Amino acid sequence: GNKHYPTTTATATATNTATEVLEQDLEMIWNFDPVKGNVVFTSALYGWGFAVPYLARSLFQSKLIPSIKPPILRQYLFGDFKYRKEDGKVLKWKQNDDQHTMFAQYGLEPLWDIITGVSKAQISLGQESTLFGTSNKYEKEQSHDDKNGDGQVEVSTKIKATTIGMADIVMDALQVGSTTSPTAMQSLKVPTTLQDMQHILDKSNASSEETILRALLRRHRPLSDAVLNAVCEICPSPVEASTKIRKHILSLQRPDDGKSMVDEDGMSEFVKIQNSVSQCLVTTVNNTMEPTVAHCCKFVSTDRIHVNDPELFSQLDNATSGGSDDNDGKPTNIILGIARVLCGTLCSKDVEYYCFGPKCKQSMEDHVPKCRIRLYVLMGSSYLKVDQVPAGHICAVYGLEEMQLKYVTLCSSRHGMPLRSVKLGLRPLVKVNVEAVSNSDTAALERGLAKLSLADSAVEVIATTKGERILACLGEIHLEQSILDLRNEYIGRDIELRISKPIVEFRESTTWFENELDDFEHFYNQESVPLRQTMIPPYCEEDGLQHAKNGRSRTIVSGRGMALHVRVLPLSAEVHTCLKNKTFHENCCEDLVRLGKALNIKASSPNDIFDTLLVMLASIDSHGNAFLESEGFQNGFCVK
């Protein structure tokens with residue numbers, strides 16, 4: 001009791017000390033105080049939880065402390081105070097007092113008594129308690145209900161409501177400080193009689209100490225109610241979160257970083273979408289004027305039994321089986337995205353949404369994929385299908401798996417943009433090559449790796465030119481768990497895999513110039529190619545563009561009839577603009593000369609080099625990339 005109260009107080013104080021450097025408004029938001037209700041005391045193992053304001057309300061309504069109203073009682077509950085039952089007075093608690101503080105007496109002691117009572121009941125049956133690892137602490141006794149009609153004692157190894165410890169300790173503790181809502185269903189309320197307790201144990205099929213504690217504590221102080229009440233009363237509304245607290249994070253990227261590649265109509269439409277996101281506007285069912293934007297921040301894998309959508313599974317089974325009766329290849333897990341609706345109303349099936357990836361750049365030439373989705377609300381471990389989800393809510397989305405994107409922003413308008421990305425700074429360290437022993441299982445392995453990469457944002461899957469499938473994880477434990485999930489969940493059937501040893505990357509360091517300016521200029525302008533390790537591909541800025549003779553790859557075409565050489569060089573924005581517009585400008589002369597020298601173009605003047613580049617130009621896009629073909633490749637002289 002009392003020894004846990006100072007620890008809890010010290011934790012809250014230490015947390016609040018870290019927020020003192022914030023501004024006054026933010027400090028008020030991030031200041032944790034159990035009296036305010038923004039601290040919830042919970043146990044995820046047994047499913048109980050409570051906040052001080054609701055505990056004070058429960059004590060007042062149950063007439064355990066009838067003389068103090070809840071707003072005043074909450075001040076005493078988490079403070080150095082004790083309650084004297086004889087006259088109903090609140091006194092100052094001192095460190096050496098024999099009596100507990102009010103928080104220890106009404107907040108922690110009932111929970112401890114319930115756990116102790118269940119342990120005593122287990123020991124009274126002659127079994128060892130797994131809660132404390134003790135036995136024979138209490139003498140084995142039989143209650144009056146353990147005798148049959150002949151007066152003979154029946155030997156029972158299952159805890160009942162009438163077992164010693166349950167009928168006295170647990171039943172009394174359940175009546176102190178219960179935070180269950182008075183309007184809850186009768187089956188969810190705290191038992192008040194032994195018959196009610198036995199009915200709960202039978203209904204939940206509770207036989208072990210852990211299952212009994214979960215069945216009782218979830219009704220005594222339900223964790224779901226405590227968290228939901230704290231979120232609804234303490235956390236800001238979606239509108240306030242979008243406009244004040246998370247206005248920088250909950251905003252869209254500007255098209256092409258503000259460059260003038262989007263027309264005025266497109267930019268005005270984007271500004272309208274951005275304003276809707278910042279204000280978290282909600283549309284009605286019949287109003288289609290307001291745009292809809294939702295951001296899918298992560299993907300999770302869940303078992304089909306948790307998803308209430310028979311229509312979807314019927315379609316998946318028919319597509320997987322292909323009309324056959326073989327059910328072995330049907331996956332038991334599906335991938336769902338967790339999304340937050342930023343504005344508008346997200347709809348199922350009837351509407352196609354544009355899907356913007358994290359690296360999408362707005363341009364009228366870009367192709368933005370569209371898809372139809374199915375929506376689900378999260379109810380504990382279950383997913384319930386719904387038709388619509390308004391702005392400010394979080395939901396699960398099905399139908400984005402084929403996009404192969406870790407983050408997706410859905411928008412009803414073509415002029416939308418993805419949400420601003422947050423760089424976590426985590427990069428995978430351990431890499432292995434994963435391959436199927438049987439070639440017939442390669443397709444199933446690739447689908448499983450794609451699902452694993454979606455469900456775990458820290459996993460990277462890389463396909464090399466040699467046909468290798470590299471699985472990159474944060475560490476050895478992460479790698480082991482990822483391979484386990486790949487085998488059991490994402491592949492869908494038991495196939496034999498071959499895992500390589502960890503792949504080690506070799507890196508080299510270089511010593512910079514002692515006299516940076518003079519030595520670098522001499523190194524940059526020398527005519528002979530320097531013999532340095534920096535010449536190893538990929539191209540290094542330190543060597544200068546005129547010495548870029550690497551940064552290339554050589555691929556042998558199937559049948560070994562020919563080999564294709566591909567070389568990569570950096571292309572300046574000015575040269576790219578000239579090539580795209582097919583117009584020569586004098587401001588890119590220096591870049592043209594350097595590029596011509598790197599490509600071994602015989603012409604020396606910038607104008608002639610530009611004409612040669614136009615002849616070699618095969619394709620050019622809007623992102624600063626161009627594809628050039630050599631003279632021998634164009635006329636076929638290089639193919640013998």
Side-chain angles (χ1 to χ4, degrees), residues 11 18 42-45 130 133 210 296-306 329 331-338 357-359 378 381 396 400-408 421-510 533 536-538 540 553:
T11 303
T42 66
S43 170
L45 179 61
T130 58
E210 288 78 9
C296 181
C297 59
K298 66 175 295 186
F299 289 85
V300 296
S301 174
T302 183
D303 198 291
R304 292 169 54 160
I305 63 175
H306 298 309
T332 59
N333 286 43
I334 63 172
I335 300 294
L336 296 177
I338 306 300
K359 297 182 180 179
L378 287 69
S381 60
L400 303 177
E401 179 182 346
E402 299 299 329
M403 297 296 170
Q404 299 295 314
L405 296 171
K406 292 181 180 292
Y407 313 100
V408 182
S421 58
V422 180
K423 297 181 179 180
L424 301 178
L426 298 177
R427 297 290 298 174
L429 300 176
V430 182
K431 301 179 181 180
V432 294
N433 178 30
V434 182
E435 59 182 4
V437 175
S438 175
N439 291 333
S440 60
D441 297 329
T442 302
L445 173 61
E446 291 179 349
R447 290 193 299 267
L449 287 173
K451 292 181 179 180
L452 174 63
S453 178
L454 280 178
D456 191 344
S457 59
V459 169
E460 289 186 4
V461 178
I462 307 169
T464 65
T465 56
K466 299 180 181 179
E468 298 175 330
R469 296 159 187 86
I470 305 300
L471 177 62
C473 301
L474 297 179
E476 294 182 0
I477 298 178
H478 187 209
L479 176 63
E480 293 177 2
Q481 185 62 42
S482 299
I483 294 176
L484 185 63
D485 294 340
L486 178 65
R487 294 180 187 270
N488 299 336
E489 297 185 21
Y490 302 117
I491 293 181
R493 63 172 188 256
D494 187 17
I495 66 174
E496 189 175 355
L497 300 178
R498 185 183 294 114
I499 311 296
S500 70
K501 293 183 179 180
I503 300 174
V504 181
E505 295 183 354
F506 292 94
R507 302 179 183 272
E508 297 186 9
S509 61
T510 58
Q533 292 293 331
I536 296 178
C540 181
S553 64

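Computed from a predicted structure; not experimentally measured. Any value given below was found using the heavy atoms of this structure, including those in side chains, with hydrogens, waters and symmetry copies removed.
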When you measure from the side chain of [X] to the backbone N and O of [Y], does any donor-acceptor pair fall under 3.5 Å?
X	Y	result
N433	I470	no
K406	V459	yes
T442	N439	yes

Looking only at non-hydrogen atoms, find the nearest pair between [X] and [Y] and report the distance.
X	Y	result
L405	F299	O-CE1, 3.1 Å
S301	E489	OG-OE1, 3.5 Å
V430	E476	CG2-N, 4.1 Å
R487	I495	NH1-O, 4.3 Å
V461	L449	CG2-O, 3.7 Å
L474	A458	CD1-CB, 3.7 Å

Side chains of [X] and [Y]: closer than 4.5 Å at any heavy-atom pair?
X	Y	result
S482	L452	yes
Q481	I477	no
D485	D456	no

Measuring from atom [atom1] of [X] to atom [atom2] of [Y], what distance do you get when rounded to the nearest 0.5 angstrom?
X	Y	atom1	atom2	result
I335	E402	CD1	CD	11.0 Å
K431	L479	NZ	CG	12.5 Å
Y490	L484	OH	CG	10.5 Å
E496	E435	CD	CD	11.0 Å
I462	L471	CD1	CG	9.5 Å
I338	C296	CD1	SG	7.5 Å

